[in-house]
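The block underneath contains the structure these notes are about, expressed in structure tokens.
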Amino acid sequence: REHGRERRDGMSNRQLAEAAGIADPGQTSKLLSRLAAQGLVSTSRGARRPGVANAWRLTEKGAAVERASRG
């Protein structure tokens, strides 16, 4: 939640990698793809255009998992 605006607007792969301490951008993309396949995160449709950064967000299901993991 410390990412304020990025949290509301979605975060790019790079922003997420930096926040999670992941050095390899390829690992971030693979992880996000797996999370998306499980319905935990989604990205904006416009981000699929070349040169436009992804804007990843938690889905309702992802937010529920986050809340449950915090206790």
## Note on the structure
For Glu18, the side-chain hydrogen bond (donor to acceptor under 3.5 Å, both in side chains) test, sequence neighbours excluded, returns Arg14
### Task
Please report the shortest heavy-atom distance between Met11 and Ala19, naming the atom on each side.
CE-CB, 4.4 Å
### Test item: Lys61 side-chain N/O and Gln38 main-chain N/O as donor-acceptor pair under 3.5 Å
yes
### Working for side chain to side chain donor-acceptor pair (under 3.5 Å), residues Asn13 and Ser29
CA-CA 7 Å; Asn13 293 26; Ser29 294; 3.1 Å; yes
### Query
How many angstroms lie between atom OG of Ser42 and atom CG of Leu32, to the nearest 0.5 angstrom?
11.0 Å
### Query
Do side-chain atoms of Ser12 reach the backbone of Asn54 as a donor and acceptor pair under 3.5 angstrom?
no
#### Entry: side-chain contact (heavy atoms from CB on, under 4.5 Å) against Ala64, all qualifying residues, sequence neighbours excluded
Arg67
### Message
Between Ser69 (side chain only) and Glu66 (backbone N and O only), is there a donor and an acceptor less than 3.5 Å apart?
### Response
yes
### Query
Hey, what do you get for OG1 (Thr28) to CH2 (Trp56), rounding to the nearest 0.5 Å?
11.0 Å
### Message
Would you compute the distance between atom CG of Leu31 and atom CD1 of Ile22 and round it to the nearest 0.5 angstrom?
### Response
6.0 Å
